[in-house]
Amino acid sequence: MAGTAGRRDDRLTRERAGRAVERARHWRYEELPGVDLLRARYVHKTFVRHTHENFVIAAIADGVEVFHHGGSDVFAGAGALALVNPDTPHTGRAGVPEGWRYGAVYPAPEVVAAIAAETSTLRGAPGFVSPVLDDPATVRLVHEVLRAAEEGNALAADTLLRIAVTRLLRLNGGTLPERRPRTAGARIAARARAVLEERMTEPPTLERLATDLGTSPFALLRAFRDSYGMPPHAWLTDARVRRARLLLDTGTRPAEAAVAVGFTDQPHLNRHFARIVGVPPGAYQRERSDVRGRAEVRRRAEVRGHVEVRGRAEVRGRKNVQDSD
């Protein structure tokens, strides 16, 4: 009887997971420069191996996320943070049938470095030592940052972000190792990466690339994976999505951005973009456009307010002159 009940509970859990709605919002708040923001609930989403130029500070509210990091799978459940340093390959998927719900901030390296310089004794480039930290207090702080940004509370958002990063550096901070190519293989990998960046829209085959660099395909593959945590073709897809994000940020239409970075068409970009960023490129760009629009409205309102204040001051000044006469 107990076994039957257990199987029934498992089936109900799977059915609820199948009906669960995935949703995500990836945006910026103009008063937090250098920081991307995300709220998401994922059930079936699978993030392919990718990197971020910024830090990842993901606060898990419900469920469990599993991500491959540093050669093994790690688990982050409710009350824990998934922490990934810049340019560190990782994946992401649900660790339980009902998926996971989380909020994340993605501060740029210079944002974290400035906070570390003011509040810690770390020397060199600061970063996180462990990819998972159980700390419900900081999880709450991250969600409060997101709530403040959504409400337009600039003072709270900035303050809470600094408190959260300071706490994480105190509990789990360290100095990131320098990434200089020290071996012959690492130097070849760096040269291969430079070629792929330059020829992003028309990359060579692995064999051609290896021949041009004076090595063999498998030697290049091993060297590249050792240096960047993924094979050249996966790194190229990741780099294309990064460049597409920059183009979308400047207002380039998704279809044009797709071709500009080397994808065959927009559906090709859509597929890879969603598997790395977590939202489709159209939704990503709409949030960026909304931020620019709100900033422009605020700027015009401030200008109009200054003009009105100056106008009232001039009227009072003329009235005072008339009264004195």
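In what follows, every heavy atom counts, from backbone to side chain, and hydrogens, waters and symmetry copies are set aside. Predicted model, so just to flag it, every value in this text is computed and none were measured. Position 1 is the first residue of the sequence; numbering continues from there.
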I'd like to know if [X] pairs up with [Y] as an ion pair, taking the criterion as any Lys NZ or Arg NE/NH1/NH2 lying under 4.0 Å from an Asp or Glu carboxylate oxygen.
X: E197; Y: R193; result: yes
X: R93; Y: E65; result: no
X: R28; Y: D249; result: yes
X: D238; Y: R49; result: no

Distance, nearest 0.5 Å, that separates [atom1] of [X] from [atom2] of [Y]:
X: D36; Y: Y106; atom1: CG; atom2: OH; value: 8.0 Å
X: T88; Y: F55; atom1: OG1; atom2: CZ; value: 8.5 Å
X: T211; Y: R208; atom1: OG1; atom2: CZ; value: 5.5 Å
X: D135; Y: L168; atom1: CG; atom2: CG; value: 7.0 Å
X: E118; Y: R162; atom1: CD; atom2: CZ; value: 6.5 Å

Determine whether more than 12 heavy atoms belonging to other residues, nucleotides or ligands lie under 6.0 Å from atom [atom1] of [X].
X: R253; atom1: CZ; value: no
X: R170; atom1: CZ; value: yes
X: E256; atom1: CD; value: yes

Validation row: [X], [Y] side chains within 4.5 angstrom (heavy atoms):
X: I276; Y: F47; value: no
X: P126; Y: L176; value: no
X: I57; Y: V165; value: yes

Q: Is it possible for you to say whether V64 and V74 belong to one hydrophobic cluster, with membership spreading through side-chain heavy-atom contacts below 4.5 Å?
A: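 In one cluster: no.
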Q) When hydrophobic residues are tied together by side-chain contacts of less than 4.5 Å, even through go-betweens, does F128 share a cluster with L161? A) yes
Q) salt bridge (Lys or Arg N to Asp or Glu O under 4.0 Å) between R25 and E287: does it pass, once the steps are laid out? A) CA-CA 8 Å; R25 182 191 180 198; E287 288 288 353; 3.0 Å; yes
Q: Kindly indicate, with the supporting measurements, whether the criterion side-chain hydrogen bond (donor to acceptor under 3.5 Å, both in side chains) is fulfilled by T51 and D87.
A: CA-CA 5 Å; T51 63; D87 297 315; 4.5 Å; no
Q. Taking the six-membered ring of F273 as reference, does the NZ or CZ atom of R275 fall below 6.0 Å from its centre and within a 45° cone about the axis?
A. no
Parallel, tilted or perpendicular, as decided by the 30° and 60° cut-offs, for the rings of [Y] and [X]:
X: H90; Y: H50; answer: tilted
X: H272; Y: F263; answer: parallel
X: Y102; Y: Y42; answer: tilted

Q: Start with the C-alpha gap between V105 and L146, add the side-chain angles, then the distance that decides, and say whether side chain to side chain contact (heavy atoms under 4.5 Å, CB included) holds.
A: CA-CA 8 Å; V105 294; L146 298 173; 4.2 Å; yes
